[in-house]
Colleague: 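My structure is below; once you've seen it, I'll send some questions.
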Amino acid sequence: MNSNSHQDKTGALSKEAIRAELVARAVALQPLLREQAARGESDRVLPVEVVDALAEAGVFRLLTPRRYGGYETDLRTLTEVSEALGEAMDRRPGSG
């Protein structure tokens, strides 16, 4: 690792930096998820806006190998991103 702990000697982001970025993206989606939750429940389908935002945030590429354009993350990253997305549902109005 070089002096920047977020990059390796090739300049690529470290696993920790990638995890932090992806979790931050998931946290940033929480307001949209809360906003669209009732619509999703009534329509019984994930709203297109949510699917598009998840795709743009890279959520669907978490486990995809890098050679295919994914992030090739570990299970810890998958879990932390999933937790961040799930928190949006725990904090919406009327959620027990």
Side-chain angles (χ1 to χ4, degrees):
M1 297 280 259
N2 65 19
S3 60
N4 183 349
S5 65
H6 297 296
Q7 295 181 339
D8 64 16
K9 60 185 174 186
T10 67
L13 289 177
S14 69
K15 185 188 315 185
E16 293 77 17
I18 292 169
R19 178 182 304 124
E21 173 63 25
L22 291 167
V23 170
R25 290 179 193 179
V27 169
L29 291 175
Q30 289 176 350
L32 174 68
L33 296 175
R34 282 188 213 104
E35 177 184 296
Q36 295 293 327
R39 183 172 149 215
E41 287 181 23
S42 67
D43 293 351
R44 299 185 59 88
V45 66
L46 204 53
V48 171
E49 296 86 353
V50 172
V51 174
D52 289 346
L54 290 168
E56 187 174 319
V59 173
F60 300 135
R61 296 181 291 134
L62 291 174
L63 298 177
T64 303
R66 284 188 189 103
R67 68 180 174 266
Y68 297 121
Y71 292 103
E72 199 173 326
T73 62
D74 56 13
L75 291 177
R76 178 177 171 188
T77 301
L78 176 65
T79 301
E80 290 185 19
V81 168
S82 298
E83 286 175 350
L85 295 173
E87 286 175 5
M89 301 314 290
D90 288 342
R91 295 186 185 156
R92 65 190 169 98
S95 64

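Hydrogens, waters and symmetry mates are skipped; everything else that's a heavy atom, side chains included, is used.
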Colleague: Can you tell me how far OG1 of T79 sits from CG of L62, rounded to the nearest 0.5 angstrom?
Modeller: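 Rounded to the nearest 0.5 Å, the CG-OG1 separation comes to 10.0 Å.
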Colleague: Please name all residues satisfying side chain to side chain contact (heavy atoms under 4.5 Å, CB included) with L32, sequence neighbours left out, ordered by chain then number.
Modeller: E35, Q36, V50, A53
Colleague: Anything under 3.5 Å between a donor and an acceptor, one on a side chain of residues 17-28, the other on a protein residue two or more places apart or in another chain? List them.
Modeller:
residue	atom	partner	partner atom	Å
R19	NE	T77	OG1	3.1
R19	NH2	D74	OD2	2.9
E21	OE2	R25	NE	2.9
R25	NH1	A57	O	3.0
R25	NH1	Y71	OH	2.9

Colleague: In terms of hydrophobic clustering (I, L, V, M, F, W, Y; side-chain heavy atoms under 4.5 Å; direct or indirect links), are L46 and V81 co-clustered?
Modeller: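 Yes, L46 and V81 fall within the same hydrophobic cluster.
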Colleague: Who pairs with R39 by salt bridge (charged side-chain N to carboxylate O under 4.0 Å, His left out), at least two apart in sequence or on another chain?
Modeller: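 In terms of salt bridge (charged side-chain N to carboxylate O under 4.0 Å, His left out), with neighbours along the sequence ignored, R39 is linked to D43, E49.
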Colleague: Measuring from atom CD of E16 to atom CZ of R76, what distance do you get when rounded to the nearest 0.5 angstrom?
Modeller: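 If we round to the nearest 0.5 Å, E16:CD and R76:CZ are 7.5 Å apart.
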Colleague: What pairs with E56 under side chain to side chain contact (heavy atoms under 4.5 Å, CB included), at least two apart in sequence or on another chain?
Modeller: none
Colleague: Does L63 have any side chain to side chain contact (heavy atoms under 4.5 Å, CB included) partners at least two apart in sequence or in another chain, and if so, which?
Modeller: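 Side chain to side chain contact (heavy atoms under 4.5 Å, CB included) list for L63, sorted by chain: T73, L78.
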Colleague: With sequence neighbours left out, what residues match T64 under side chain to side chain contact (heavy atoms under 4.5 Å, CB included)?
Modeller: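 Testing T64 for side chain to side chain contact (heavy atoms under 4.5 Å, CB included), a comparison that skips the adjacent residues, returns R61, Y68.
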Colleague: Would you say V48 and F60 are hydrophobically clustered, going by side-chain heavy atoms of ILVMFWY under 4.5 Å?
Modeller: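 No; tracing contacts between hydrophobic side chains, which count when under 4.5 Å, never links both residues.
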